[in-house]
Amino acid sequence: MAHTVRPTDHLRTESLMEDEFGARLAKVERLRARGEDPYPVRFDRTHTLDEVREHWDDQIDPGASTDDRVRIAGRVMLKRTQGRLVFANVRDGSGELQLFVSQGELGADAFARFGDEIDRGDWVGVEGKVMKTKVGELSVNVSSFILLAKALRPLPEKWHGLSDTDTRYRQRYVDLIANDDARRVFDVRFAAIDAIRRFLADRGFVEVETPVLHAIPGGAAARPFATHHNALDVDLYLRVAPELYLKRLVVGGYDKVFELARVFRNEGLSTRHNPEFTMLELYEAFADYFDMMRLTEELIADAARHATGGTTVEWDGAKIDLTPPFERRTMVDLVREHAGVDVHPSQPVEALRAACDALNVPWEPSWRSGKLVLEIYEKTTEANILEPTFVCDYPRDVSPLARTHRDDPTLTERFELIVHGRELANAFSELNDPVEQLRRFEAQASLKQLGDEEAHGIDVDYVRALEFGLPPTGGMGLGVDRLVMLLAGVTSIREVILFPHLRPEAERS
RNA sequence: GCGCCCCUAGCUCAACUGGUUAGAGCAUCAGACUCUUAAUCUGCAGGUUCCGGGUUCGAGUCCCGGGGGGCGUACCA
C-alpha cells in the first residue's frame, strides 16, 4: 500500500480531485519530498485540551502569558488567518482549545508552512506556552507544530454542518465531527449504558455473555435471521432474545444476571425498529414481577439522572416525568378506560370477536381469547398511554414464557412498560414449571404449524433445564435504544444507533 | 410491502407557470491583513442538476422506468 497517490474511490468526483482533494494530496507529497512523514507514528502530549482549560483558565488574565509549556494534539476545526497571525481551534476527545500561531513565535519558515500546509480537518500536535488573548480566550502560543494526519477530504460547512441524513448515517464519522448534536445524543447513550451497568453491579447482578448463534431461536416472537455453520453443516439463527440462555444460568446458580444483548430481528425498518438493536435483559431469583417494577423504574430514573442530569425529559413535544413510582394499571382496566369495553381473556371467543367488530379491530379466525384481548388493547389503548405506566397482567396464551397469574388462570404475571405510547420494557414472574412450559411450547408449535412464523419452536433443552429446577424468578427486558431515544429527545432510532442499517451503498466503477 | 415527499458545486441552500450561458454563502486556489471567534476584504476557479429513457423549438423544472433517502403505514409480545 506504499505511496498510493490516487486512492481508488468511487465517491470522489473530478472537481473534488482538482480542488480540495488534489490540493491536500499535493501537500502530502510536498511533505514527503522534504523527508517528513505526513502520518507520523505517535505523539507525546502532556495534557488533553480540557486539562489545559481546567488547569489554566482561571489562572491567567486577558492578554497575559505563562511560562508553562504544554504539548497538545487535536483536529483543526477552524482556522482564521490574520496576516502574520493565525487563530486555529483544535478539538480532541475532551474538548476544544484555541491555537495562537504567530510568525514572531514560530519563525517565518514554520509559520508559512503552518499557513500553507495545515488545513481545516487535519490532526496536529503542537507545543507552546499557555496564554490568553487580549479578549480573554485561553490559547496555546504555538512554538512548534507537527502534522499528525492529513485529512484529504474537506469537512462539511463550518456553520451549517452536515444535514443530509443519508450522509450522516452512512458516514457517521463525518456526522460526529461536524454536528455537536450527534455527539450529544451518543454521549447520552454511552452515559445511560454506563449507568445501567453500575446500577446493576451495585445490586449484585453479574454481567454475562450468552450465544448469539442459536440453533432454535427463542425468547421472543420474531422472525430470525438465518445463517449456516459450514463445518457442522447445520442451520443457525441470530438470536431474537437472550432470554432462554439467561434463565439457564439462573438454573445453574447465578441468581442475579444480566446481559446487554445485541439482538436481531428480520422485520421491517421504521423510526422505532432497526434489524439489530440492544436489549437489556436481567433475571433475579426469588423475585416476582412486582420486584421487577420497582427495579425497572429505579433503573430508568437512575439512567436518566446520569445521562441528562434529571428525571424529566422532553420528547416529541411532550414533557415526560420519569420519577418513580410509575403508574401500575391492568390491561383490562386500561382497555375499559380508553375503549369503553369490558374485555377479559376468560370471555368466549365469539364475544371478543364481536367486541373487535364494534371497535373496528380486525381479527383472524385462528386467534384465541387472549390474542383478541391483546389486539384490542394494542389497537385502541396502547398509543394513548402517555405517562410511564406498567401495563399489567397479559393474557396467558400470548405469553408462553410467563408464569400464570396467582389469582387468575387466564392471565400471566407480566407487564410491559409503556411511555408515550411506546413499549420500553417487558417483564414477568418467570414460568418455572417444566411441565406447564412444555405444554405452552406445544401450543406454540401448533400455532407455528398453522403458519405463524413468529411462534416459538420447542426448545427441549430449555425444558430440561427447568426440570432441574428454576427458582422463582423475576425477569425483565428493556429496549436500550428506545430508552436512549427518550433520554436524548430524538424520535428516530437511527439517531441513537451509531451505524444504523441502510441499503448497501451502490458500487460505481 | 404500500402511500406521500425529497435528491442541484466538497458542504448548506437558490433558480416565477417549461424559457438566455443553473446562482449564492462557506470551503478550495491567488492576494491583503499581528488579537480573531462563522474574522474581514479583493479576485479566480469549481456543475453528468442521482441514473436511463421520453415529450418539447427548448427540461433542474413535465412524463415513464430505475437508484438512494426521509416520513407515514403494514409487519413487529
Side-chain angles (χ1 to χ4, degrees), chain A residues 11-24 26-27 62-63 77-89 96 98-105 111 116 119-121 131-137 139 141 152-170 174 178 219-223 240-241 243 265-275 277 331 362 370-371 374-375 377-378 382 391 394-395 397-402 412 414-416 423 425-428 444 453-456 477 479 491-492 494 500 502-508:
Chain A
L11 293 172
R12 182 162 23 93
T13 65
E14 286 304 313
S15 67
L16 182 58
M17 192 61 214
E18 285 163 12
D19 291 348
E20 322 259 9
F21 197 97
R24 286 165 181 242
K27 293 172 187 182
M77 298 304 296
L78 284 173
K79 197 179 153 194
R80 298 177 291 279
T81 306
Q82 178 123 16
R84 277 158 211 90
L85 193 58
V86 173
F87 297 93
N89 295 52
E96 285 203 30
Q98 178 168 274
L99 302 182
F100 183 91
V101 186
S102 73
Q103 181 171 319
E105 182 73 17
F111 180 81
D116 290 344
D119 292 308
R120 187 165 169 262
M131 57 160 294
K132 257 188 191 169
T133 62
K134 287 174 186 169
V135 293
E137 179 82 27
S139 307
N141 188 359
L152 294 179
R153 294 173 182 272
L155 257 33
E157 217 263 351
K158 59 190 172 189
W159 184 242
H160 298 97
L162 177 69
S163 65
D164 180 69
T165 48
D166 191 18
T167 311
R168 286 188 50 233
Y169 296 156
R170 285 188 199 281
V174 182
R223 266 177 239 192
V240 295
E243 173 158 358
R265 297 187 181 179
N266 202 344
E267 281 154 3
L269 288 76
S270 80
T271 50
R272 321 188 243 308
H273 301 267
N274 196 65
F277 61 101
M331 178 183 289
K371 174 69 176 167
L374 178 68
E375 200 67 16
Y377 158 74
E378 285 184 349
E382 190 175 74
V391 179
Y394 275 58
D397 53 87
V398 295
S399 312
L401 300 167
T412 53
R414 170 182 170 192
F415 70 79
E416 285 196 0
E423 176 196 342
N426 181 24
F428 17 97
Q444 288 285 308
E453 287 184 66
E454 283 147 10
H456 277 79
T491 53
S492 171
R494 294 188 186 95
L502 298 172
R503 280 196 162 77
E505 207 167 348
E507 288 294 327
R508 189 163 60 117

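Since this is a predicted model, take the numbers as computed values, not measurements.
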Does A:R80 contact B:U36 through a side-chain donor or acceptor facing the base, at a distance under 3.5 Å? yes
Go ahead and name the base partner of B:G23; Watson-Crick or wobble counts if both distances stay under 3.5 Å, otherwise write none. B:C13
Base B:C11 paired with A:H160 side chain (donor-acceptor, <3.5 Å): no
Donor-acceptor pair under 3.5 Å, A:E137 side chain vs B:U37 base: yes
Would you say the base of B:U12 and the side-chain of A:S163 have a donor-acceptor pair closer than 3.5 Å? no
Nearest-Å distance once atom P is located in both B:G69 and B:C76: 24 Å
Nearest-Å distance, CG (A:N426) to C1' (B:C76)? 13 Å
Pairing partner (Watson-Crick or G-U wobble, both distances under 3.5 angstrom) of B:U55: none
Does the structure show a Watson-Crick or G-U wobble partner for B:G72, both distances under 3.5 Å? Name it, or say none. B:C2
Assess, by modelled atom type and distance only, whether the side chains of A:N426 and A:R414 contain a donor and an acceptor separated by less than 3.5 Å. yes
Take A:F111 and A:V86 through the side-chain contact (heavy atoms from CB on, under 4.5 Å) test and state the conclusion after the steps. CA-CA 9 Å; A:F111 180 81; A:V86 173; 3.8 Å; yes
Distance criterion of 3.5 Å, no angle test: do you see the side chain of A:Q98 paired donor-to-acceptor with the base of B:U36? yes
Could you tell me whether A:S139 contacts a base, only the sugar-phosphate backbone, or nothing, with contacts defined as non-hydrogen atoms closer than 4.0 Å? nothing
Taking the same atom, C1', in B:C57 and in B:G72, what whole-Å distance lies between them? 42 Å
Counting side-chain heavy atoms from CB outward, which of B:U36, B:C75, B:G68 is closest to A:R170? B:G68
Sticking with atom P, work out how far B:C13 lies from B:A32, rounded to a whole angstrom. 35 Å
Looking at A:K158, I'd like to know whether one of its side-chain N or O atoms comes within less than 4.0 Å of OP1 or OP2 on B:A27. yes
